[in-house]
Peer 1: 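Below: one structure in C-alpha cells.
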Amino acid sequence: MSSLTINSMIRMNSGYEIPRLGYGVYQTPPDVAEDVVSQSFKAGYRHVDSAIVYRNEASCAAAIKKSDIPRSDIFFTSKFYSGSLNYKDAKAAISQSIQTTGFDYIDLMLLHAPYGGREGRKGAWKALLEAQDEGKIRSLGVSNYGVQHLNEMEEYMKELEQERGEGKGGKIAVGQWEVHPWLPRNDIAEWCEKRGIVVEAYCPIVRATRENDPVLKPLVKKYNKTASQILIRWSLQKGFVPLPKSVTSSRIVENAEVYDFELTAEEMETLKLDEYSPISWDPTVASLDR
Ligand SMILES: NC(=O)c1ccc[n+]([C@@H]2O[C@H](COP(=O)([O-])OP(=O)(O)OC[C@H]3O[C@@H](n4cnc5c(N)ncnc54)[C@H](OP(=O)(O)O)[C@@H]3O)[C@@H](O)[C@H]2O)c1
C-alpha cells in the first residue's frame, strides 16, 4: 500500500520541509477562516495556503496560534498580488503580512502572478531575498509564472548574484499553478522537476466541476472514493502538493482521506489527458512585457 501519509513532507531546496497536502483558503471569508482552519488541523492538515488578497491571513494566524500545535509544525504560505510587481510594493507587502499575522516568519511567500515587466519582477524577487536574509520568510517562490517568466528569472538570479555575491541570487523553492488532469502543465512541471522545485497544485479538484466525468467514474467505483479524493490522490502521486479548499466540515475531512488507496500506473495513464482547460485565471500565458 501507499507509503504516503498525511504527515508526508518534501524537503525543499531552501532546506525546509513542506507538508505534501495543503489546505486552501481562497474565497474563505475572514469570519469563517479561523474556524475552518482549526477544523483542518483536527483533520490532520498542517499546511495553510493563504494570500494577502484573500483577506483572511489574520484569521488563519489566529487559528494557528490558538491550536496546540507548535508553530514550527505548521506551514503557512502567503502571496503577494500586484497588477504590477515592483520592489517597493513587495517590501511593503511582506511587512504587511508579518504584521497582519503577528508571526516571526512566514514559511513561504509567493509572487502571486508575473505581471509587472522584467524590472518589476526582478525588484519584487529582490525584496523577497532581502526578507529571507532578515529571517522574515523561510522559502521563496512564484505562482502563475510561465516557462518564459521562469527562464527570465534564472537569468536575473544570475544578475543578482553579481550584485549580491555568489549563491545570493536566491532559489525558487516552490511554484504554484492550476494543475489537474485537464491542465497538466507538462512544460512547467518538467522545468521544475529538473531544478528540484516543488510544484503546488491549485484547483486540484477543479472546483468540483468534474465529478461526473467519465474518466473518473471507474476509479470512483473501484476505490469507493469520491471524484475529489481521486483527483487529490492523482496530484499526490504525480509528486505535486495539492491545495484543496473547502469550508464544509465533511469535505475538509473527506479531502484528507486519501491515504488508504493507491492508483495503479495504468490508472494514472488513463488520467493523462492532452487538454488545456483552465478553470481559474492563467497568467502563465502573459508576455514578458506585461
Ligand atoms: N495562486 C493562485 O493564483 C491561486 C488561484 C486559485 C486557487 N489558489 C489556491 O488553491 C486553493 C484551491 O483552489 P480553489 O479553491 O480555487 O479550487 P478547488 O480546491 O479545486 O475547489 C474548491 C471548491 O470545491 C468545493 N469542494 C471542496 N471539496 C469538495 C468535495 N470533497 N466534494 C465536492 N465539492 C468540494 C468547495 O466547496 P465548499 O468550500 O463549499 O466545500 C469549493 O467550491 C485555493 O483555496 C487557494 O489557496 C491559488
Side-chain angles (χ1 to χ4, degrees), residues 2 4 8 10-13 18-22 24 26 49 77 79 108 110-115 121 139-155 157 171-211 213-219 227-245 255 258 262-288 290:
S2 155
L4 283 170
S8 296
I10 305 179
R11 187 163 301 277
M12 296 174 285
N13 61 21
I18 181 168
R20 291 290 318 262
L21 179 67
Y26 174 50
D49 184 78
T77 300
K79 322 179 189 81
L108 173 67
L110 304 175
L111 300 178
H112 210 143
Y115 305 137
R121 282 187 291 273
S139 303
L140 315 182
V142 295
S143 182
N144 297 305
Y145 273 47
V147 169
Q148 71 281 17
H149 303 112
L150 293 168
N151 285 334
E152 180 203 71
M153 272 280 282
E154 257 186 348
E155 273 169 40
M157 279 167 16
K171 277 185 187 165
I172 306 171
V174 171
Q176 185 179 118
W177 291 274
E178 181 183 339
V179 185
H180 45 68
W182 297 272
L183 188 59
R185 304 244 190 241
N186 295 327
D187 54 344
I188 290 173
E190 214 172 280
W191 197 96
C192 289
E193 195 184 352
K194 274 193 193 136
R195 292 157 178 85
I197 296 170
V198 172
V199 173
E200 291 184 337
Y202 75 69
C203 302
I205 59 173
V206 209
R207 297 186 175 156
T209 56
R210 299 278 182 175
E211 291 188 310
D213 196 287
V215 83
L216 296 177
K217 283 218 162 132
L219 304 173
S228 299
Q229 289 171 319
I230 301 289
L231 288 172
I232 294 166
R233 186 69 210 186
W234 173 87
S235 198
L236 289 167
Q237 287 185 218
K238 286 286 285 182
F240 304 140
V241 172
L243 308 169
K245 173 263 176 187
N255 294 344
V258 292
E262 185 170 3
L263 300 171
T264 65
E266 293 76 36
E267 288 162 354
M268 289 294 285
E269 232 8 75
T270 66
L271 295 175
K272 214 179 238 180
L273 312 173
D274 190 19
E275 269 206 50
Y276 172 80
S277 303
I279 192 149
S280 184
W281 63 337
D282 189 12
T284 69
V285 297
S287 84
L288 291 174
R290 167 105 198 253

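Computed from a predicted model, the values in this text were never measured in an experiment.
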Peer 1: Starting at CD of Glu193, measure out to CD1 of Ile188 and round the result to the nearest 0.5 Å.
Peer 2: 14.0 Å

Peer 1: Would you find a donor on one side and an acceptor on the other, under 3.5 Å apart, between the side chain of Glu152 and the backbone of Arg121?
Peer 2: no

Peer 1: Could you walk me through whether Ile197 and Val174 pass the side chain to side chain contact (heavy atoms under 4.5 Å, CB included) check?
Peer 2: CA-CA 5 Å; Ile197 296 170; Val174 171; 5.5 Å; no

Peer 1: I need the full list of side-chain hydrogen bond (donor to acceptor under 3.5 Å, both in side chains) pairs touching residues 236-245, with sequence neighbours left out, sorted by first then second residue.
Peer 2: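 Only Arg233-Gln237 qualify under side-chain hydrogen bond (donor to acceptor under 3.5 Å, both in side chains).
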
Peer 1: Nearest 0.5 Å, please: how far is CG in Leu271 from CH2 in Trp234?
Peer 2: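 Reported to 0.5 Å precision, the distance equals 7.5 Å.
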
Peer 1: Go through the structure and list residues passing side-chain hydrogen bond (donor to acceptor under 3.5 Å, both in side chains) with Glu190, not counting sequence neighbours.
Peer 2: none

Peer 1: Under the side chain to side chain contact (heavy atoms under 4.5 Å, CB included) criterion, do Arg207 and Ser280 qualify, and how do the steps go?
Peer 2: CA-CA 9 Å; Arg207 297 186 175 156; Ser280 184; 3.6 Å; yes

Peer 1: Quick one: CD1 on Ile279 to OG1 on Thr209, what's the gap to the nearest 0.5 Å?
Peer 2: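 One finds 3.5 Å between CD1 of Ile279 and OG1 of Thr209.
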
Peer 1: I'd like to know whether Asp213 forms a side chain to side chain contact (heavy atoms under 4.5 Å, CB included) with Trp182, so could you lay out the CA-CA distance, the side-chain angles of the two residues, the decisive distance to 0.1 Å, and finally the verdict.
Peer 2: CA-CA 11 Å; Asp213 196 287; Trp182 297 272; 3.6 Å; yes

Peer 1: Could you report the tightest heavy-atom contact between Val199 and Ala189, atom names first, then the distance?
Peer 2: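 So the minimum-distance heavy-atom pair works out to CG2-CA, 4.4 Å.
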
Peer 1: In sequence, state the C-alpha distance, the side-chain angles, and the governing distance for Glu211 and Leu216, and then conclude on side chain to side chain contact (heavy atoms under 4.5 Å, CB included).
Peer 2: CA-CA 8 Å; Glu211 291 188 310; Leu216 296 177; over 6 Å; no

Peer 1: Applying salt bridge (charged side-chain N to carboxylate O under 4.0 Å, His left out) as the test, list every pair that has at least one member in residues 269-279; sequence neighbours left out.
Peer 2: Glu269-Lys272

Peer 1: Glu200: what forms a side-chain hydrogen bond (donor to acceptor under 3.5 Å, both in side chains) with it, not counting sequence neighbours?
Peer 2: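 Here the qualifying residues are Gln176.
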
Peer 1: Under the side-chain hydrogen bond (donor to acceptor under 3.5 Å, both in side chains) test, which residues partner Asn151, sequence neighbours left out?
Peer 2: Trp191

Peer 1: Looking at every non-hydrogen atom in both residues, tell me the closest pair between Asn13 and Arg195 and how far apart they are.
Peer 2: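 It is ND2-O, 4.2 Å.
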
Peer 1: If you measure from CG on Leu111 to CG on Leu140, what distance do you get to the nearest 0.5 Å?
Peer 2: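 With rounding to 0.5 Å, CG (Leu111) is 8.5 Å from CG (Leu140).
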
Peer 1: Just by modelled atom types, is the Ile232 backbone N or O under 3.5 Å from a matching donor or acceptor in the Ser235 side chain?
Peer 2: no

Peer 1: Could you walk me through whether Tyr276 and Asp282 satisfy the side chain to side chain donor-acceptor pair (under 3.5 Å) test, starting with their C-alpha distance in whole Å, then the side-chain angles of each, then the deciding distance to 0.1 Å, before giving a yes or no?
Peer 2: CA-CA 11 Å; Tyr276 172 80; Asp282 189 12; 2.5 Å; yes

Peer 1: Supply the atom-to-atom distance Ser139 OG to Met12 CE, rounded to the nearest 0.5 angstrom.
Peer 2: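 Output value for this atom pair is 3.5 Å.
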
Peer 1: Indicate whether any N or O donor in one side chain lies under 3.5 Å from an N or O acceptor in the other, for Tyr26 and Asp49.
Peer 2: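 The criterion, which ignores hydrogens and geometry beyond distance, is not satisfied for Asp49 and Tyr26.
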
Peer 1: Hey, does the side chain of Arg185 reach the backbone of Val179 with a donor-acceptor pair shorter than 3.5 angstrom?
Peer 2: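 No; zero donor-acceptor contacts below 3.5 Å.
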
Peer 1: Would you please name every residue forming a side-chain hydrogen bond (donor to acceptor under 3.5 Å, both in side chains) with Tyr145, sequence neighbours left out?
Peer 2: none

Peer 1: Please report the interatomic distance CG(Leu150) to SG(Cys192), rounded to the nearest 0.5 Å.
Peer 2: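 Result: 6.0 Å between the selected atoms.
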
